[in-house]
Protein chains: 2
Amino acid sequence: MRDHTYHLLQEHIQKHISVTPDELSFFLMLLKRVTYHKNQVLLREGENCLNFAFILSGCIKSYLIDKKGEEHILTIAPEGWWVADVKSFITNEAGNLFLEAIEPTQAALLSRANQALLLEKTPRFERYFRVLTERAFAMSQQRILDAMSLTASERFDKFRLQYPSLTNRLTHRQIASYIGVTPSFFSRMLKQRK
Amino acid sequence: MRDHTYHLLQEHIQKHISVTPDELSFFLMLLKRVTYHKNQVLLREGENCLNFAFILSGCIKSYLIDKKGEEHILTIAPEGWWVADVKSFITNEAGNLFLEAIEPTQAALLSRANQALLLEKTPRFERYFRVLTERAFAMSQQRILDAMSLTASERFDKFRLQYPSLTNRLTHRQIASYIGVTPSFFSRMLKQRK
DNA sequence: CCTTGCCAATGACATAGGTCAATCCGGATG
DNA sequence: CATCCGGATTGACCTATGTCATTGGCAAGG
């Protein structure tokens with residue numbers, strides 16, 4: 001428990017709430033450390049999402065496959081982000097998302113049961129998850145507005161501003177999917193931007 | 001404090017957490033009751049959103065006006081829903097949304113300061129807001145996926161399923177804006193559906 | 001070092017949905 | 001009542017983005 005493997009997560013927590021060392025170790029004790037290889041699928045459509053994952057290194061995408069078989073990326077989570085099929089996680093029902101590592105990835109998993117335990121024993125963490133979710137919600141709402149009011153090219157501009165480091169780590173297909181266009185159109189769009 | 005004006009809100013709270021009568025009254029005491037007439041604008045772009053509003057009766061919309069002057073509805077909040085410019089509320093910065101009553105509306109306002117007070121004195125409410133936000137977040141994510149993977153007509157089908165009562169209360173323009181199409185296209189779409 | 005396979009680019013063509021203007025209508029207001 | 005105004009509909013036309021198929025490149029694995 002004294003190693004620094006969870007450095008990134010500790011930082012993340014302390015940025016949001018103040019906790020005692022005991023509370024912190026209790027949290028860390030509830031986690032399960034996992035490794036995924038590139039292209040490993042962590043969760044499939046129709047499965048119940050049992051864990052929230054904090055990414056320590058690497059990158060995970062969450063996506064939907066529509067009835068035409070097309071993939072639509074909902075979330076891209078590099079190190080320092082939490083990711084899950086949130087709807088499934090909170091409702092305890094089967095979800096419709098896939099989770100997949102797009103790089104070799106290390107993560108810390110917090111199971112639904114352990115989260116419940118954590119929140120019961122250490123209600124201070126309620127605030128951590130509330131604030132986290134509020135931020136995620138605000139960003140999600142902004143994305144809805146962007147989808148309705150901006151062109152694909154403008155959405156790409158915002159993407160690059162918001163996630164400059166991701167722009168190089170992801171393939172064009174992935175960025176295209178995230179901003180909501182096809183790879184062919186994305187490619188044409190890039191050319192047109194000179 | 002003993003009147004039943006906040007019946008709907010009390011119910012809403014008790015559906016999510018268990019609170020003592022004292023905690024409940026403390027919450028209710030922090031609220032400010034307001035009335036809005038139809039078309040009244042509660043918040044404009046560029047303003048700091050100081051309150052969360054719980055709708056007791058009537059209906060509020062939140063929307064963005066894009067650079068072409070077009071309105072895009074983000075949220076429709078009838079009685080029983082909380083509404084705010086969440087990003088502005090949580091960051092304490094100027095927002096980009098408008099809030100406007102689309103019916104004569106009664107609401108209970110919880111200011112940022114009072115929410116902070118509430119959460120400090122009665123941490124039990126952290127859970128209430130966490131759960132609320134989680135649900136809202138999950139719905140918001142679903143809407144992003146719908147925008148990416150469904151046609152306008154399919155989005156309308158989902159809208160009617162999800163909000164059957166709203167379908168009649170709103171104008172076609174409003175529904176069109178919410179599902180992300182223009183009024184003319186919405187009208188044509190309806191005709192085509194036979 | 002040669003497959004194999006996915007990604008990127010691109011041409012030809014298709015379409016969902018947007019734009020703009022005209023008309024009609026019903027409810028609100030003086 | 002008469003007026004006014006915004007919503008709904010619709011026609012003609014437009015465009016952003018999708019579809020599909022082809023080609024070339026580059027990276028991983030046997």
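Chain letters run A, B, ... following the sequence lines, proteins first, then strands; residues in each count from 1.
A donor-acceptor pair under 3.5 Å is absent between the side-chain atoms of A:Arg155 and the main chain of A:Ala147, judged by distance alone. Put simply, the side chain of A:Thr105 gets close to the backbone of A:Cys59: a donor and an acceptor are under 3.5 Å apart. With hydrogens and angles ignored, the 3.5 Å screen pairs no side-chain donor or acceptor of B:Ser177 with any backbone N or O of B:Arg173.
Going from atom CD of B:Glu71 over to atom P of D:dG7 covers 9 Å, rounded to whole Å. Rounding to whole angstrom units, CD1 of residue B:Ile102 and P of D:dG7 are separated by 12 Å. Rounded to whole Å, atom C1' of D:dC20 lies 17 Å from atom CZ of A:Phe185. As a whole-Å value, the separation of A:Glu70 CD from D:dC20 C1' is 12 Å. Rounded to whole Å, atom P of C:dC7 lies 11 Å from atom CD1 of A:Ile73. In this structure, A:Glu100 atom CD and C:dC6 atom P are separated by 12 Å, rounded to whole Å. Between the CD atom of A:Gln192 and the P atom of C:dA9 there is a distance of 14 Å, given to the nearest Å. Atom pair B:Met189:CE and D:dA8:P shows a separation of 13 Å (rounding to whole Å applied).
Within residues 158-173 of chain A, no residue is approached by DNA chain D to less than 4.0 Å at the level of any non-hydrogen atom. Applying a 4.0 Å cut-off to non-hydrogen atoms, none of the residues of residues 144-155 of chain A approaches DNA chain C.
Dashed line: the shortest gap from a side-chain N or O of B:Lys191 to OP1 or OP2 of D:dT10 is under 4.0 Å. For the OP1/OP2 pair of C:dG18 and a distance below 4.0 Å, the side-chain nitrogens and oxygens of B:Lys68 include no atom meeting the criterion.
A salt bridge links B:Glu134 to B:Arg130: one of the charged nitrogens lies within less than 4.0 Å of a carboxylate oxygen.
Under the 4.5 Å side-chain heavy-atom criterion for grouping Ile, Leu, Val, Met, Phe, Trp and Tyr, B:Leu42 is not connected to B:Ile102 through any hydrophobic cluster.
Between B:Thr182 and B:Lys38, the residue anchored closer to the 5' end of DNA chain C is B:Thr182, taking for each the nucleotide with the nearest heavy atom.
Results of the side chain to side chain contact (heavy atoms under 4.5 Å, CB included) test with B:Pro78 over B:Leu166, B:Ile55, B:Leu170, B:Val83 single out B:Leu166 as the only residue that passes. Each of A:Glu100, A:His72, A:Gln174, A:Glu70 was evaluated against A:Tyr63; a single residue qualifies, A:Glu100, per the side-chain hydrogen bond (donor to acceptor under 3.5 Å, both in side chains) test. Checking each of B:Phe26, B:Tyr128, B:Phe125 against B:Val19 for a side chain to side chain contact (heavy atoms under 4.5 Å, CB included) leaves exactly one that passes, namely B:Phe125.
With hydrogens and angles ignored, a donor-acceptor pair under 3.5 angstrom links the side chain of B:Arg188 to the base of C:dT19.
A cation-pi contact, defined as under 6.0 Å to the ring centre and within 45° of the axis, links A:Arg33 to A:Tyr6.
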